[in-house]
Amino acid sequence: MPCKPASDTAADRACAAAFLKEKGRLLNRRPLTDTELNAFVDQAVNSADGLKDFYAGLSIALEAMLVSPNVLFVTEMSEPDPASPGKQRLDAYALATRLSLFLWNAVPDDGLLKAAENGELHTEKGLVRQVDRMLASVRLETGMRAFFDDMFGFDDFNALSKDATVYPKFTGQAMADAREETIRTVIDHLVTQKKDYRDLYTTRSTFISPALAVIYGLTAPPSWTRYEFPADSPRAGILTHISFLAVHSHPGRSSATLRGKALRELLLCQPVPRPPANVDFSAVENPKANLRTARDRVSAHLENPVCAGCHKITDPMGLALENFDGSGRYRETERGSPIDASGSLDGKAFTNVIGLGQALHDHPALTSCLVKRAYSYGTGGPTEPSDRPLLAYLDTRFADEGYRLAGLLRAIALSHSFSQVSVPAADAARAN
Amino acid sequence: MTSSVTFNRRSALKGLLGGGAITVGLPLLDADLNGNGTAFADESPLPVRFGTWFWGCGMTKKIFVPAQTGKNYELTEELEAIKNVKQHINVHTNLTAYRDGTFFCHYTGWVVFRTGSAPVVGNLPLYESLDTTLANRIGRTTRFKSLTATATGDIRNIISYENATTPNPPEFSPMAFYTRLFGPDFQDPNAAEFKPNPRIMMRKSALSAVTDQIKALNGKVGAEDKARLDQYFTGLRHLEQQFDHQLTKPEPRAACKPAKAFKDEPAPGTDSQLIAARHKMMTDLMVMAVACDQTRVFNMTMSKSDSNTTKQGYEKPHHTCTHEESIDEKLGYQPNASWFTKRSMENWAYFVEAFSKIKEGDGTLLDNVLIMANTDVSYARVHSLEEMPAFTAGRAGGKVKTGLHIDHKGGQGTALSYTCLKVMGLDVESWGTKSNQTNKEVGEILA
């Protein structure tokens, strides 16, 4: 509260106005007009009078503001772009909101709104100053947590369940911690230590919690602790985290196909086609005495040309993760047969999961996929074919920066396309 | 190229809330909204309500479809669980959903039953679902226009659509559902005294300030955002109606006796026992919400379309099982897939029975509801949309006969939905599009 009301049990117009003006500017991501502000202040005053309670009156006005369209909707207003005649750019407040949602997953702070108010944000220097301030802020971690949680499809954790009779150690706590382990590793690697994005898929550094230690087969630490998988460990890179392994598995068993599909779609931006509608899955039925391991079972896919088309895309790298069961625990055998974790990724063969991590590390689509995802996340829509030159430029910039995340975010935020609006021809004509 | 981006949560958020540039005026928002829906027959002293129930992954014809039709049919192995409610239910078999183009294995079938049209893209219907059509007619006078809940614990299991782009997310936590229904904002219709809450009056008045802001957006949104703003405005009107409802003395409802709040609820998860426990809690709440006239339209999902229910100690979830389990040579069917169907039927029986246990007027609540239950496929193993099963339950205030098995002989699944819409008072000459368009009513069940 910026002020104290004259009385708790009566209206105080000046104090209500001061509060609603200040909070209204933050919630609306721009200053309220006098008309807007007065409407809310009137509500606060009338309600406080009626209920004989200043704070109850204020809460009713605040509720109305919170459900108002200007707060709930991200309305991106545009204006003619003086630098590019005939084109439209985001107005300063819309740009501030876009930047802030992109980098902080939050609404703009006072500083960013001031930069929008005084025109700074629409100058080159001013924009650089604000973007650099945002990248240096501790709030970048919050923003990047949201981005990577989204990119990895971790909302699947909200509905994840494992069969307790098959995986008794995979508790609800382990599930929550698995999601956190990967996000912590990502933030530490990319935001705190500012390391190469590709190394996320080979790094042996991670963090473990007591519940995760049980599944990893380690001595449980008292709380979250930094941990280094030893050099001879089969675990390296976030693909070998419990999170990725468990989310892309069935409740009671692992799935080379689901893991391969997730790897293709989430990390390489390569959509995998859906299975045909009339497929007869009985070819992969089990248990059959001769189909002991997942490799045996999915090889059935490859015998059938209808199945093979897609399973060739997903299975060879998914099988490299078969040393980890559906809860992410390490195993060397399945139904008594040794697991062969060799495979290949787009022509690069490997003998185990460490090789898969390295192949992914070296895959050109790994970095271009992050570029694409970050750009579409920032601008709030899928990329279009017309974005290709920009994406190619961003790819180069990302490489020049040694695949450092901050460099990529900065290049996106400062790019002309980020603050420009493509107006459909018909709408533009009408606007004129 | 961008199909995976489509599922990006941020783009979904911006899709829902996003603005664009920026020129076409708002529609006349009031024009869409008819606030005076009166939908139940005037001669009926109690309102007739409509509900749906959903289970995933169909059935096994051989042990599901009764050999006889009409009244004296014998229950089959998969239908055994409904024996206590057989007299309240109609079993419909041999219905067809038409694909009309691209086929989405576990989506097309149920969406045809619920919206009348085969979808042309995955996870998006072309039209609102039938519960919404009816809620817009008969849901205007209750606190909630409609209520949707799922026993899966997963908010993403959508079964109802407000329009082509707006799903109605289900209640997925029994405790949260209880609070929404019977928490502080609940007004007991049988309370001795009624005094309008002054705070609600103030809150209602404050909403008008918001309405003025919508007018300010007028002229500023692009055509694509029109539907989103429409939807938002509808939500606002709904909130206003809830306030109105709370400011009006409710009619007494003898059957309205809400239980106490739950102290606990099942942990997240899709184990069959967890689902049954959650389904029971959600059902009991839903039944009481109807008995207390908090809503007249309701939807319940027991399992999602490609059901991910699991069985303890069995490695394949329901959907995977239907595709991969071999057919037992002695039995002649997939034993585990059928195990899942039997659990679904137990839950369906519980749902129907719960309505039949509430006394209302001279009979029970079930006498004054009509429930349609359907699924995504018939034989899940091959995603078949022929020979599809469905149920109806309840007598719709005397308009519907029950206790029958009807063999539709390959007829349109939409005929059943159309019949429900007609029984509920919707006066349209036909329903659905393309091959699923129909003007046929299922005469066998009409009283």
Side-chain angles (χ1 to χ4, degrees), chain A residues 36 39-40 42-43 46-47 50-51 56-57 60-61 63-64 67-70 72-78 88 150 153 155 158-159 161 163-166 172 250-253 265-266 269 271 274-275 277-282 284-286 372-373 376-377 380-383 421 423 427 430-431, chain B residues 2-11 14 17-24 103 105 153-154 156 198-199 201-203 205-207 209-210 212-214 216-217 220-223 228-229 232 236 239 267-271 308 310 312-317 320 323-327 381-383:
Chain A
E36 288 168 339
F40 289 119
D42 286 348
Q43 291 304 323
N46 294 344
S47 304
L51 300 169
I60 281 167
E63 177 183 64
V67 299
S68 72
N70 293 328
L72 285 179
F73 288 80
V74 177
T75 314
E76 297 193 319
M77 305 294 277
S78 71
Q88 295 271 313
D150 185 38
D155 56 345
N158 297 335
S161 63
D163 188 325
T165 55
V166 184
H250 296 297
R253 63 162 188 186
E265 294 190 333
L266 301 178
C269 296
R274 303 162 63 87
N278 58 351
V279 58
D280 177 6
F281 293 87
S282 56
V284 294
E285 75 197 25
N286 71 75
K372 197 167 151 179
R373 291 217 182 273
S376 48
Y377 180 88
T383 54
V421 177
V423 183
D427 283 359
R430 218 174 294 131
Chain B
T2 52
S3 74
S4 48
V5 176
T6 311
F7 296 96
N8 176 305
R9 187 169 60 204
R10 171 53 62 89
S11 57
K14 287 208 172 168
L17 306 182
I22 286 180
T23 42
V24 180
F103 178 42
C105 304
D154 189 345
R156 299 174 300 182
R199 201 183 150 88
M201 291 163 73
M202 300 297 174
R203 290 173 70 193
S205 144
L207 267 189
V210 170
D212 288 345
Q213 288 196 12
I214 299 186
L217 269 183
K220 290 179 184 166
V221 300
R228 289 175 191 136
L229 268 184
Y232 165 75
L236 219 53
L239 191 57
T270 52
D271 173 77
N308 57 352
T310 55
Q312 268 185 33
Y314 179 63
E315 63 174 7
K316 295 173 206 248
T320 314
H323 290 306
E324 295 185 1
E325 189 184 24
S326 46
I327 294 172
R381 192 165 193 242
V382 293
H383 300 131

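No experiment lies behind these values; they were computed from the predicted model shown.
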Looking at Val421(A), is its backbone amide N or carbonyl O close enough to the side chain of Ser78(A) to form a donor-acceptor pair, meaning the two atoms are under 3.5 Å apart? no

Flag, side chain of Arg199(B) to backbone of Ile60(A), donor-acceptor distance under 3.5 Å: no

Toward chain B, the part of Asp42(A) with a non-hydrogen atom under 4.5 Å: neither

At a heavy-atom separation under 4.5 Å, does Ala61(A) approach chain B through its side chain, its backbone, both, or neither? neither

Which residues satisfy the salt bridge (charged side-chain N to carboxylate O under 4.0 Å, His left out) test with Asp154(B), sequence neighbours excluded?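 Salt bridge (charged side-chain N to carboxylate O under 4.0 Å, His left out) check on Asp154(B) returns Arg156(B).
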
Heavy-atom side-chain proximity of Arg253(A) to Lys316(B) below 4.5 angstrom: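 Yes - at least one pair of side-chain heavy atoms lies under 4.5 Å apart.
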
Which one of Gly313(B), Pro268(B), Gly269(B) has the most heavy-atom pairs closer than 4.5 Å to chain A?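 Greatest number of close heavy-atom pairs with chain A: Gly313(B).
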
Quick check on the interface: out of Ala206(B), Pro198(B), Ala267(B), who has the most heavy-atom pairs with chain A under 4.5 Å? Ala206(B)

Distance check, rounded to the nearest 0.5 Å: Arg203(B) atom CZ versus Gln43(A) atom CD? 13.0 Å

Region of Thr310(B) in contact with chain A, defined by heavy-atom distances below 4.5 Å: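 Contact with chain A: side chain only.
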
